[in-house]
Amino acid sequence: MSALTSTQTRPIWKRLNWNVTTKQALFAYAILFPTIAILALFRFFPMLQAFYVSLTEYDLLRPPKFIGLENFIDLVQDPLFLSSARISIMYVVLSCVPVWVLSLGLAVLFNRHIVAKNFFRSAAFMPVVMPAVVNAVVWTFMYHQDGVVNTVIGWFGVDPIPWLRSSAWALWAVIIIGIWRATPYYMVIFLAGLQAIPEEYYEAAQIDGASAWSQFRHITLPLLKPTTLLVMVMSVIVAMKVFAVPMIMTGGGPADSTRVLPLMIYQTAFEFFKMGRAAAMSIFLFAAVMIFTVFQIRLFARGEE
Amino acid sequence: MSKRLSLVLLVVILLAVIAACAPAPTPIPPTAAPKPTDAPKPTTAPAQPTAAPATKAPEPTKAGFAFPTENITIEVWWHEYAPMTAYVKELIEAYKKVRPNVTVNATVASSTDMNTKLTAALAAGTGPDVMDADASYYVAYYTKGVLEPANLDVFGVKTYQELADKYVPGGLASGTFDGKIYTLPYQGNSMSLFLNNKLFAAAGLDVKKDAPKTWNDLMALCTKLKKVEGNRTSQKAFEFPYHSPRWQLQDLQPMTEQFGGKLLSDDGKTAYLNSPEAVKALTLWRDVTKACGDPKNTKNTASDPNKDFLDGFTAMWITGPWATPQVTASPVKNDFTVVGLPQVDPAKPKTMVYGWAWGVYNKRPDKNKIAAWDFVKFMLSKPDEWLGKAGFVQPVKGVSDSATAKNFPFFDVHMKDVQTATWYIRSEFVNEIAQAVGRAVDSVVYDGKDPKAALDEAQAAVEKVLKK
Amino acid sequence: MKNILRHRSNLIVYPLLLVVAFIGLLPYYWMVSCSFKLNENMFAYPLQWFPDPINWLAYPAAWKAQDFTRYFVNSAFVAIAITLGNLLLASLAGYSLAKFQYKGRNILFLLILSTMMLPLEVTMVPLFLIIKQFDWANTYEGLIVPFFVDGFGVFLMRQYLLSIPKDLLEAARMDGASEFRIYAQIVMPLCKPALAALGVFTFREAWDMYIWPLIIVTKDSLKTVPLGISLFMSNFGVAWDQLMAIAAIGTLPMLLLFFFLQRSFIQGIAITGLKE
C-alpha cells in the first residue's frame, strides 16, 4: 500500500497520476484489501505471536519467559518429537503417493464413456462430503475387530487385522482414511486435466501404432504436468495438517504409533501446558510445508505468464 | 464516471474495514506478547505442592460475615455426564430459592474437551467462577496460581482442618496445597473389581466363593473364564484398560504400590517409573493380559470405557462405582458382584482413588468468589443424592449411613477400597507422566518389548520433564 | 473391431467402478444402518449387515437429547455467513491477484498462501486473545468474522481466474466499462463453477468447525452441531445408535448441498487444476 502513504499535505487524489495502470492497480489493491485486513488480524498476527511464543517458555497461565532458541535446541534432541516428525512424514508419503496414483487412475477410468456415469461419479465423490468428526467416528466403528472392514477382507480369506489395536497397523488405519477421503477430490481435478487434452493427439498416436501405455506415458502424463503439480502441493499441505482423525480414533496410540505432529502440538499445548514448545514444533511444521510449497510454486511459475 | 465509481468503492471498503476494526484499535501490545495482565503474577505460584494434611492456617472467622446482597452472576462449567448434568441443573434451580440474588450460568462440555476449553479460558482471563476438572489437573492450576482457597466463612468453620474433618481421612488430599484447601471433590472413585455373575456361573464358578482376592487368584480363574473359538477370542476373563493412558496409570499405580514401591515421590519431584517394583507391576500386567485377555479385540473407547464388560464380553473388569448405573442399564443388569481391587498381598492392601472436583477461579470479583464457594457448598451438601442420582461417592464422613448408600450395590466394597487408597499421582506434569506410562504399557503389550526397557524409556522421558 | 475392444475392457471397467462405488458408499451405509440397529446388536458377531429388528427410536431420541433444533439453526447461520463472506472476498482477492499487475502482488499472494500452512491448533490461543479484545467471545461475530475469508478460497479463485482470457476484460475496458462493472457483470458470471466449488468447500469446513466453537462458545444458545455431537461421546458410555443417528442428520446438509450444486461444483474444482 506504499502508493497511498505520504507526508505531504496535498490530498492523495490530486497528486496521483491517474493513468490507466495506476487506476487499475488502485482498484486491485482496493479489492484485495478486505482480505488482507482480515487475514492480517486473524491469521498473520496470531502467527507472529506463535513465532514469538516459540522463543519463550509459556504455560498459558503465567506470562511468557524469553528463553531464546532453547525450545528448538531441545526439540531436535527429543526422541519423542523426532518420532512424531517421522510418523508425520510417513503419513504424508504413504497417504499422498497412493492418492496421486489412485486419483489419476480413477480420472482415467471416468474419462471414458460409461453407462450411469453420474451415479458412479457421485458415489466415488461421496467421501469428500462426509464431515471430519463424523468420518472419524464412523471409521472407528468400522475398524473394530469384528467390524465391517475385517468382515470385508474376510471375504477374501484375510485374517482379521487389529486395525486400531496394534502399533504396526494403527498408522495404516489412519492412512487408509486419508486416502479414502482425499482421492476423489483430486480425481476430479485430474479429470478436468484429462478432458483438456485434445483428442487429436491420441488419434495421431494410434495411427503411429502406439500402445495404450505408451500413449499414456508420452501424451497424457506430460500434458498433465501442471495439474499434477497442483495436486501434489494441495495434497501434501492437507496431509501435513491431519489432526481430527488420529485425535478422535487413536489419541496418538498405541505406543505413539499414530502421534502425528499436529496431534503432538495440540497435546503439548493443551494437555502439557507448554505453549512455547508447541509453537516451536509448529514452526518446524510450517517450515516444512512452506519449503515444499515454494519449491512447487517455482516449478509452477514456469508455466505461467 | 468509472474513476469515481472505483474511488467510491475504495472508500466504502476502507470504511467498512475500519468500522469492523473500530472496537479495538490496538488489540494487542506491539511486542506480540500475550498481555501480562491476563496471566496471574508468578509470585502467587508457590513451589511444588505437598500432600501434607491441612493442619495449619488458623485464619479466624471475621466477625459478622454476611453473604453479599447485591445481584451476582456466576459461571459454572462442568463435564458432560448425563445423570450428573441432570442433577446439577436440579441443584441450580434449588439454589435460586436459597439465594435469589445469584444467577447461575451453566456450561457443559464433554469430559475429553473440558481441559482444553478451561485452559484456553484461563489463559485469556475469562475462566468460569466455578470450574470442574479431574482432581489431578488441579495441581497444574494451583501451581500456575489461578485457584482461590476455600472460603472458611462460607463453610462456617474456623480452620481448614475443621473442613477436612468432615471428610474421610485423606478425602481432601487431592485438593490440599501448602496447608490450604483449594478444591472439593464431588466424586472420589475407588477402582474395584466388577464381576459378571452369569459368566462365572456358566464357567461353573461360584462368584461368592471364587471371587479373586489376589492377582494369582485372578490368573487361576482365567483358564475357565477365557474362551477362544478358532482364532477369535469370544470371551475374555479379565482385561486391563487400553483406551486411554490415564486409565493405564490408574491401574499401574496401585499395582506398583502393592509391590511396595511408588511411581512418584510425595513432593512430585522424583519419578521411580523404572524401579524394580514398577517393573514387577508391569511384568505382572503383561502376564495377566496374556493369560486372561485379548487386547487386540476390545470395544472400549475413551468415551465408552466399560463397553466390553457391559456387553458380557469381559467377565472381570476394574472400574469405579460411577459405572454402577451403566451396568444395571446394560444387559448385565443386576447380575454383577463387586469385590476389592486384586492385591499382591491381601494383608497389605493398596488401592487408588481418583475423581473430579470443584474449584473456584481467583481472578474474579470478591463477591463472585464468595457466591462461587457458597454454590459449591450448596451443591455438595447432599452426598446421598450425588450417590443416588449420579452414582458418585463423595469421600465425606457419614455417607455410608444414609439410606441411599445402603441401597447402592456394593457401597461398602467401594468405601473399603477408598480407605486403603492413595490419590491418583499429584503432579503438575500428570498428563506427561500418564502418556509415558501408557506408551510403556502399550509397547510391552502390543510390541512385546521388555518391561524394564520400556519403563527405562518412560523414566528418561519423565525425568527430563521433571527437571525443568 | 473397436467395439469388441471396448466390450472387452468393459469387463474390467464396470467391476472396478462397482468396487469404487462400494468403497465410497460403505461408510455412509454403515452409519445409516447402525443408526437403525439396537444398541446390543451394534457390535454383534458376525455383524449385522441389515438392522434386525429395526430400531426407529434413535433419531427422535438423539434429536431430543440436546437442543439440536437450536444447534442446527446456529450451525446453518454461521456456515452460511462464512460461505457468503468467502465467496465475496475470495473472488475479489482472487480477481485482483490473477488479473492485475502491481507492486508486491506475488509477495502478498505468498503471504495469503502461507496462512493455509499453520494448523489452527497453534494459532488458536493468540486468536482467542484477539477475539477477547474485541469482546467477541460468546457471539456470532466471534464464530464468523475470523473465518470470513481464507487463504484456500483466495488460492482457488486465483487459479480459476487465471484461465479467463485477458482479451475479454480488455474489450470491456475499451467499451468504457468501469472496473467494478467488469468484475460484477463479466468476471462473476464466468466464475460460477468456481464459486460453487468454493461454496461447497467453505460450507463443509464451516459446518465441520469444532475446536474453535468449543473454545469461544459457553452459552448453550450459541452451540453448533459438532459440539452437540461431542456431548454424545461423554464418559457415560456412548449411545451408539443415537450417535450414528445424529451423525447422519449432521451429514445431511452437506449431502443436500452437494447434490444441488454437484454439476457446477465438480466443474469448479476441475477447472482450478487447469492452466491455459
Side-chain angles (χ1 to χ4, degrees), chain A residues 24-25 27-29 31-32 34-36 38-39 41-43 45-47 49-50 60 106 109 114 120 122-124 126-127 129-134 137-139 141-142 144 146-148 151 188-189 191-193 196 226-227 230 237 241 243 262 265-266 275 278-279 282 286 289-290 293 303, chain C residues 13 16-17 20-21 23-28 30-31 34 43 45 47 89-90 92-93 95-97 100 102 108 112-119 121-123 125-127 130 146 148-149 151 154 179 204 207-208 210 226 229 243 247 250-251 254-255 258 262 266 269-275:
Chain A
Q24 284 190 7
F27 177 76
Y29 280 127
I31 60 177
L32 189 59
T35 298
I36 294 290
I38 289 182
L39 289 180
L41 194 54
F42 298 114
R43 295 288 189 287
F45 207 85
M47 268 165 70
Q49 280 199 324
L60 286 166
L106 278 180
L109 196 61
I114 292 170
F120 284 118
S122 295
M126 287 292 269
V129 183
M130 189 175 262
V133 174
V134 173
V137 170
V138 172
W139 277 93
F141 210 54
M142 302 203 334
H144 175 252
D146 300 334
V148 78
T151 304
V188 177
I189 297 182
L191 192 54
T227 316
L230 179 87
I237 291 181
K241 294 203 295 186
F243 172 72
I265 291 170
Y266 174 82
M275 203 61 195
S282 39
F286 180 79
V289 184
M290 199 68 186
T293 309
Chain C
V13 167
L16 211 57
L17 284 171
V20 168
I23 293 174
L25 294 175
L26 182 62
Y28 283 91
W30 202 245
M31 173 172 73
C34 286
F43 292 96
Y45 178 84
L47 63 87
L89 295 187
L92 283 170
Y95 179 47
S96 169
L97 291 168
F100 292 90
Y102 48 87
L108 284 172
I112 291 173
L113 273 188
S114 73
T115 62
M116 288 164 64
M117 293 163 203
L118 213 54
E121 292 82 53
V122 178
T123 53
V125 166
L127 185 58
I130 293 171
F148 218 53
V149 67
V154 177
E179 288 298 334
R204 184 185 77 157
W207 190 261
D208 251 15
Y210 177 62
I229 293 180
L243 181 62
T251 310
M254 280 307 310
L255 283 178
F258 170 66
Q262 188 188 13
I266 287 187
I269 322 178
I271 294 174
T272 310
L274 283 185
K275 296 288 173 40

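A note on names: the letters A, B, ... follow the listed sequences, proteins ahead of strands, and every chain is numbered from 1.
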Among [options], which has the most heavy-atom pairs under 4.5 Å with chain C?
| options | result |
| --- | --- |
| A/Ala123, A/Ala124, A/Ala25 | A/Ala123 |
| A/Val137, A/Thr151, A/Val148, A/Ile265 | A/Val148 |
| A/Ser282, A/Pro262, A/Ala278 | A/Ser282 |

For the interface with chain A, which of [options] has the highest count of heavy-atom pairs at distances below 4.5 Å?
| options | value |
| --- | --- |
| C/Leu47, C/Leu89, C/Leu255 | C/Leu47 |
| C/Pro226, C/Ser96, C/Ala21 | C/Ser96 |
| C/Val154, C/Thr251, C/Ile229 | C/Thr251 |

**Study point:** chain C contact via A/Ile36 - side chain, backbone, both or neither, heavy atoms under 4.5 Å
**Key:** side chain
Check your understanding: Is chain C contacted by the side chain of A/Phe286, its backbone, both, or neither, given a heavy-atom distance below 4.5 Å?
Key ->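 A/Phe286 touches chain C through backbone and side-chain heavy atoms alike.
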Practice item. Could I get the full list of side-chain contact (heavy atoms from CB on, under 4.5 Å) partners for A/Ala50, not counting sequence neighbours? Key: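 In terms of side-chain contact (heavy atoms from CB on, under 4.5 Å), with neighbours along the sequence ignored, A/Ala50 is linked to C/Val122.
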Review point. Quick one: CG on A/Leu106 to CG on C/Leu16, what's the gap to the nearest 0.5 Å?
Key: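 Result: 7.5 Å between the selected atoms.
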Check your understanding: Roughly how far, to the nearest 0.5 Å, is CZ of C/Phe148 from OG1 of A/Thr35?
Key -> 10.5 Å
Exercise for review: Give a yes or no answer on whether the side chain of C/Tyr102 reaches the backbone of A/Tyr29 with a donor-acceptor pair at less than 3.5 Å.
Suggested key: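 Not confirmed, C/Tyr102 side chain does not pair with A/Tyr29 backbone.
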**Study point:** Expected output: side-chain A/Arg43 to main-chain C/Pro146 donor-acceptor under 3.5 Å
**Key:**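 Side chain of A/Arg43 to backbone of C/Pro146, a donor-acceptor pair under 3.5 Å: yes, one is there.
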Exercise for review: Please report the C-alpha distance between A/Phe27 and A/Gln24 in whole Å, then the side-chain angles of each, then the deciding distance to 0.1 Å, and finally whether the side-chain contact (heavy atoms from CB on, under 4.5 Å) criterion is met.
Suggested key: CA-CA 5 Å; A/Phe27 177 76; A/Gln24 284 190 7; 5.6 Å; no
